[in-house]
Participant: 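Mind looking over this structure? Questions follow.
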Amino acid sequence: MEKLELTVNGYHYQVQVEPDETLLDMLREQLKLTGTKSGCNKGECGACTVIMNGMAVNSCLVPALQARHAEILTIEGLSKGEELHPIQEAFLASGAVQCGYCTPGMILSVKALLDNNPKPTVAEIQEGISGNLCRCTGYEQIVQAVQSLAGKKV
Amino acid sequence: MHWEAYHCVESIEEALQLLDEYAGASRVIAGGTDLVIQLKNHQRRVKALVSLSSIKALRYIEQDGETIRIGALSTHNELAKSDLLMEKAKALSLAARAVGSPQIRNIGTVGGNIVNAQPAADTAIALLALGAKAKIVSSTGERVEVLENLFKGIGESSVNPAKEIVTEFIFPAFFRSAFQRLALRKAFTLPIINVAVALLIDQKNICREARIAIGPVSTVPFRAKKAEAILNNEIISEKKLVLAAAEAMREINPRDSLLRGSAMYRRAMVKVLLERALRDAVVVK
């Protein structure tokens with residue numbers, strides 16, 4: 001086991017991890033932040049997406065020790081208690097959530113997109129969420145949710 | 001247990017020293033977007049990983065006179081965002097944008113894409129067309145290889161990740177280049193065919209050097225040298241471009257693939273994509 005220090009959702013953590021533990025497993029099993037989902041485990045579905053140092057990454061592909069001193073944002077870090085984040089509100093208002101399994105990763109990809117590009121075109125939105133599979137919604141409502149956020153503070 | 005130790009190093013020297021200490025039992029990891037999957041699937045085995053991701057000195061994209069230098073740890077996203085590459089190496093800029101998803105482009109590196117040696121690797125096709133050389137260091141010294149010499153087979157490069165590190169790619173800034181790709185979807189999918197071209201055209205509209213790379217039509221990224229010969233030292237015209245694309249179609253030998261379509265279809269698509277790429281390259285600048 002090795003010592004790992006990092007910041008997750010604004011809190012400083014010190015944990016012991018196996019050398020081959022992924023960031024995804026550490027978040028879920030050690031910090032019990034189970035909002036980040038495990039899907040394909042090979043970087044294709046995007047359910048495990050978190051924001052690491054400002055960038056969306058597949059946490060299933062990142063060795064936990066690679067996140068040393070990193071700042072991680074997971075879905076749990078978006079809402080303030082019962083008060084939802086504007087992206088979460090927009091997803092609900094547009095019916096962009098069905099089974100919900102892709103939603104945490106999808107929302108973090110959207111956050112990373114809007115942080116860099118507050119008024120994305122439809123094509124840019126589609127590109128921004130191209131690493132996140134949704135098998136329920138057909139993506140249309142998700143794109144509409146993101147469009148409804150154009151120019152708003154997220 | 002997929003690996004027993006994971007070392008994050010801050011310098012090339014530190015990485016080389018660790019690799020030497022493990023004497024073949026460790027290997028370099030860059031972004032890990034391919035390697036982590038291969039290790040999880042037991043397609044490769046390793047005792048320890050030496051992670052280069054914290055070496056900031058290997059992340060740069062710059063012009064140095066008539067040469068462009070790219071640090072091997074630059075991510076696909078960094079390549080895609082570079083105005084310098086869009087202006088001076090459009091093929092590589094477009095290729096980097098085509099790789100994976102935003103999440104993959106944020107951590108996957110150009111060095112990793114080359115060492116992983118897949119015949120369809122988009123940046124490999126672009127760098128091959130641009131005439132890139134790779135700088136490779138080990139504890140015993142440094143070597144510079146033209147890209148062609150790095151590819152040995154599917155997933156097999158001449159870089160030994162148990163003791164060597166690719167540090168830099170170098171290529172001329174003077175080419176007009178372009179990249180075209182056909183895939184089942186617009187995003188996040190492997191190519192059926194990808195092509196890159198780089199042309200040096202003088203003021204009399206004569207092509208002084210043509211370089212054409214095609215993937216995945218062989219076990220390694222393919223140079224279409226017969227097609228290049230049709231353009232070399234000739235006045236560039238629409239007719240010549242079409243002839244060159246037709247020649248490339250004849251000199252490749254793609255396989256029938258359930259994943260990527262029949263050989264006949266892919267051969268026909270090479271001609272279409274290459275015509276588009278050549279036309280695009282001619283009008284660049």
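Lettering follows sequence order; numbering is per chain, from 1.
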Participant: Contact part of A/Glu18 toward chain B, heavy-atom cut-off under 4.5 Å: side chain, backbone, both or neither?
Facilitator: side chain
Participant: Over all heavy atoms of both residues, which pair between B/Asn106 and A/Ala56 is shortest? Give the atoms and the distance, please.
Facilitator: ND2-O, 2.8 Å
Participant: So which heavy atom on B/Pro102 is nearest to which on A/Gly128, and how close?
Facilitator: CG-O, 3.8 Å
Participant: Are there residues of residues 47-60 of chain B whose heavy atoms fall under 4.5 Å of chain A's heavy atoms? If so, which?
Facilitator: B/Ser51, B/Ser53, B/Ser54
Participant: For the NZ atom on B/Lys163, are there more than 12 heavy atoms of other groups (residues, nucleotides or ligands in this structure) within a distance under 6.0 Å?
Facilitator: no
Participant: Tell me the closest heavy-atom pair linking A/Asn58 and B/Ser101, and the distance in Å.
Facilitator: OD1-OG, 4.5 Å
Participant: Apply side chain to side chain donor-acceptor pair (under 3.5 Å) to the pair B/Tyr6 and A/Gln66, showing each step before the final yes or no.
Facilitator: CA-CA 9 Å; B/Tyr6 192 88; A/Gln66 193 61 57; 2.5 Å; yes
Participant: Any idea which heavy atoms bring B/Phe188 and A/Gly131 closest together, and the distance?
Facilitator: CD2-CA, 3.8 Å
Participant: Let me know if B/Arg185 has heavy atoms under 4.5 Å from chain A in its side chain, its backbone, both or neither.
Facilitator: neither
Participant: Between B/Ile104 and A/Leu61, is there a side-chain heavy-atom distance shorter than 4.5 Å?
Facilitator: yes
Participant: Among A/Ile129, A/Asn41, A/Val62, which has the most heavy-atom pairs under 4.5 Å with chain B?
Facilitator: A/Asn41
Participant: Got a donor-acceptor contact below 3.5 angstrom from the A/Lys42 side chain to the B/Gln38 backbone?
Facilitator: no
Participant: Just distance, no hydrogens or angles: give the donor-acceptor pairs under 3.5 Å from side chains in residues 43-55 of chain A, sequence neighbours left out.
Facilitator:
unit_1	atom_1	unit_2	atom_2	d
A/Thr49	OG1	A/Gly46	O	2.6
A/Thr49	OG1	A/Asn132	ND2	3.4
A/Thr49	OG1	B/Gln103	NE2	2.9
A/Asn53	OD1	A/Glu71	N	2.9

